[in-house]
Amino acid sequence: QLQQWLAKLRVLSALPHPSTTATLTGSLELIADRDHMHHALGRAAAELGGLCYVRILWQPLVVVTDPALCQQLLSAAMDLPKDPGPYHSFNTLTSPGGRTPNMLGHTASHGYWHLVRKGVAGAFSPRNIRGQFPHVLRLADQIAGILRGAGPAAVLDLDNLLQREAMDVIGRIGFQTDFGALEAYASGAHGGGPLHVASVFETTKGAALEIAKRWSQPLRTRVWRLIPDARRGEACLRAAQARMRALLAELKARGPPAEDDASIAAHLLRIRDPATGRPLTDEQLAGEVGLMFFAGFETTGHTMAWALFLLASHPQAAARVAAELDEHGLLVMPRRPRPRQLEYADLSKLKYLGQVLKESMRLVPVVAGGTARRSAKELTLRGHRIPAGTTLIVGGIGLHLSSHNWERADEFLPERWEEPGAEYWPGDMCPARAGTRPEGSSGSTGASTRPLGGDEEEEEGDGAGAASASGAWTLVDSDRPPLRFAPFSQGPRICIGQHLAKMNATATLALLLSRFTFELPPELRGPGALWDLQARHCRQQRQRLPVAVPPAMCNEVEQAIGRVQVSQVSKDLLVVVAQQREVEALRFAALLQQAVDVVGHAGLLGMAARMAFNRIAVIAVLLCRTKADCLRQA
Ligand code: HEM
C-alpha cells in the first residue's frame, strides 16, 4: 500500500503543485487558516492553474477549477462517481454510523440515487416553489418583526436568524411542519446562543458543527470518547438522527399523502422501486428527510447573511438595491410608510438584487469545497495522468476566485452580472475556445442561471443533465460553453434545492432590504473586512439597530467560543479577542485546548495540562492584543 501510495504521489507530482509542500503535513496551511481559506484557495488556483495537485497530510487531492474540465468531469456523459470518503460524515448526520447513504452521499448516479432524485424532483419544480412563496414571505416578515421588536440598542445575530428562517421554510414546504425555529428565537427560547438549548435548531446546528469538525480534524472520529466537546457533538448527532426518525414517524402517522400534496415528504413517501414496487425503507426515508433538512437551511441562511454583509460593506451597491426597490414601489420611505406587498413576479424584476445575490454567491460560495469525485479508472486530463482512485475536488471556491476565470476575481462587483452570459467562461480566457464568446443568455442551459419569478416553463428537475418531465435524461450539450459560476454545482448531481434557495433568498433579502439598511461598524470597513471576523451593525431606517453577524461560512468563532465555554477557560477574555478580530490567539487557544482535551481525558497530566493551558491562553491573548483599551479589559 505504501508503495502504491508513493507511486501515486510520484505520478501526481507531474501536475502543478504548491512549491512549499512539507514532508509531513503537505499543503495543510492552505486549509488550516479557515477564515482566510477563501483567499488561500483562490490564490492557489490562480497560481497553479485550473488543474493542480495538493497533498493535505497524507491525502493527495487533484483540484480542478478549470471551467471546461469541471463541466466535462461533472457531466452526465462522464458519470464520475462521488468519492465516498468526504460524504461518509454527511451520511452520519442522517443515519447512525453513516450506514445508509442518503441521496447526496450515494456514489453512483444511477440506481437508488436516480430513483430518489426523480421521485422528489416534482417537489422542487419552479411551479411548486412559486406556490410556496406566501409561506416564505410570512417567515421573512417574522424576521423583520424580530429586528423591529429588538429595538435600536439590541445586538442581534443575523446569520443565526436567517438560518432559522431557512429551516422553517424547509419545515413548511418540505414537511408541512412548523419547526418553530424563528418562533423559539422570538420567544427567547434560544437561551444564550446556538450551543445552549437543545431545540430543533440547536440540535441540528450542533450536529452539523460536529460534522464540520470531523472534516477538519481527521482523528476526531477515532478518539471522540476522549474529547468532551466531541462527546457533546456525538450526542447532538444522535439527537438529530432521533429527531429525523420522530419526524418520519409523524409523517407516516398522517397516512398516505393526498394527491395534491406537493411537499417533499409526500414525494418521498410516493416513491416505489420500479422492479419490486416497494416503497423506500424507513432507514432510507429517514436519511432523505434528514438530508433535505440539513442540506438546505445552513446553506441558504449563510448565503443570505453574506449578501447582507457584502451590501453593508458596499454602501453604493446597497443604495442601488434601495433605488430599485423604490422604483418598484417596495421601499419603506417617509412618503411611503406602507409600501405595497412584495409579489412573486417582483423577484425577477429586481435585477440588481439578483446580481448582488449572484456576486455574493460567487465571492463566498457556501459549499466552498465543490464536489468530491473518484474515478475507478485512470484518467488523462490535459495530458496529465490521474491514477485510478485519486480524489478529485471539482469546482467550489477556486472556480469562483481564480484569476484565470474572472477579472478582478476577489472584488465584489455586482455590475459584472449585467453582461449577458457572465456565468460562462469567456472565449478569450478559455484556451479551447479562443474567440468564441458565448452569445448572451439566450443559449443558457445552466440551471443555476435560471431566472426567478417569471413565467417559467415547468421543469421537473434541474437543467443540465437532469431528469426531464418524462423522466428521460438529457445529456449535457457538449457545445455549451463552460460555466465559471456554479455555486450549486452542475451536471446531474446539481443541487436539487436551488430554485427553493434562490426564491427564499431573493424574497427574504428584498423584504428585509425594503425595510432596513444594514451598516458595518467603522472598524470593519475597508478592503480586508470581508475576510476578517465580523461583528456587524445594522441600521433600521431612521434609527440605529446594531446586529452582530458571525462568520457565516466557516463557523470558526462558533467552534472556538464553543470550546472555550465548554472548559470554562478564560472565556470572557477569548470572547473579547474574537470581537476584536484577533483570530490568531483564538485559534491558537482552541488548538491548545484540543490537545489538552485529549491529554486531560486520557487521565494523565490532566490537571497540569489544564493549568498550563490557562496560562498559555492568557499569554497568547495578551500578545495578540493590539489596542490599549483591549489590554485594559484583558
Ligand atoms: C444557497 C443554498 C444552497 C446551496 C449553495 C447549495 C449547494 C449545493 C451543492 C454545491 C450541491 C452539490 C454537493 C456535492 O455534489 O457534493 C448540493 C446538493 C444538494 N442540495 Fe443544495 N444547496 C443549497 C440549498 C439547498 C436546499 C434549500 C435544499 C433542499 C431543501 C438542498 C438540497 C440538496 C440536495 C438533496 C443535494 C444532493 C443532490 C444530489 O446528489 O442529487 N440544497 N447543494
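Numbers for residues simply follow the sequence, beginning at 1. Both ligands and their constituent atoms are indexed starting at 1 by order of listing. Source: prediction; values computed, not measured.
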query = Where does Thr300 meet ligand 1, judged by heavy-atom distances below 4.0 Å: at the side chain, the backbone, both, or neither?
reply = both
Spell out, as yes or no, whether a donor-acceptor pair under 3.5 Å connects the side chain of [X] to the backbone of [Y].
X	Y	answer
His267	Ser263	yes
Thr94	Asn91	yes
Glu359	Leu413	yes
Gln284	Thr100	no
Arg245	Asp282	no
Arg272	Leu269	yes
Arg484	Ala422	yes

Identity and separation of the nearest protein heavy atom to [atom]:
atom	result
atom 30 (C) of ligand 1	Met292 O, 3.5 Å
atom 13 (C) of ligand 1	Leu104 CD1, 3.8 Å
atom 1 (C) of ligand 1	Thr303 OG1, 3.3 Å
atom 10 (C) of ligand 1	Pro487 O, 3.4 Å
atom 38 (C) of ligand 1	Arg117 NH1, 3.5 Å
atom 40 (O) of ligand 1	Arg493 NE, 3.1 Å

request  = Tell me, please, which residues at least two apart from Met167 pass side chain to side chain contact (heavy atoms under 4.5 Å, CB included).
outcome  = Phe179, Ala181, Val200, Phe201, Thr204, Phe293, Phe297
Sequence-distant partners of Arg270, side-chain hydrogen bond (donor to acceptor under 3.5 Å, both in side chains), two or more places apart = none
task = Kindly assign one of parallel, tilted or perpendicular to the pair Trp417 and Trp406, based on the angle between their ring planes and the thresholds 30° and 60°.
result = tilted
Can you list the ligand 1 atoms lying under 4.0 Å from a non-hydrogen atom of [X]?
X	result
Trp113	39 (C), 40 (O), 41 (O)
Val366	5 (C)
Ser489	10 (C), 12 (C)
Tyr87	14 (C), 15 (O), 16 (O)

task = Compare all side-chain heavy atoms of Leu381 with those of Leu73 and state whether any distance is below 4.5 angstrom.
result = yes
query = With a 4.0 Å cut-off on heavy atoms, is Lys82 touching ligand 1?
reply = yes
inquiry  = In this structure, does ligand 1 have an atom that sits under 4.0 Å from one of the heavy atoms of Phe297?
reply    = no
query = Going by the salt bridge (charged side-chain N to carboxylate O under 4.0 Å, His left out) test, which pairs reach into residues 90-104, not counting sequence neighbours?
reply = none
ask   = Got a salt bridge between Glu324 and Lys351, using NZ or NE/NH1/NH2 to carboxylate O under 4.0 Å?
value = no
query = Tell me, which protein N/O/S atoms are under 2.8 Å away from atom 21 (Fe) of ligand 1?
reply = Cys495 SG
key: Contact check: Thr371 vs ligand 1, nitrogen or oxygen atoms, below 3.5 angstrom   = yes
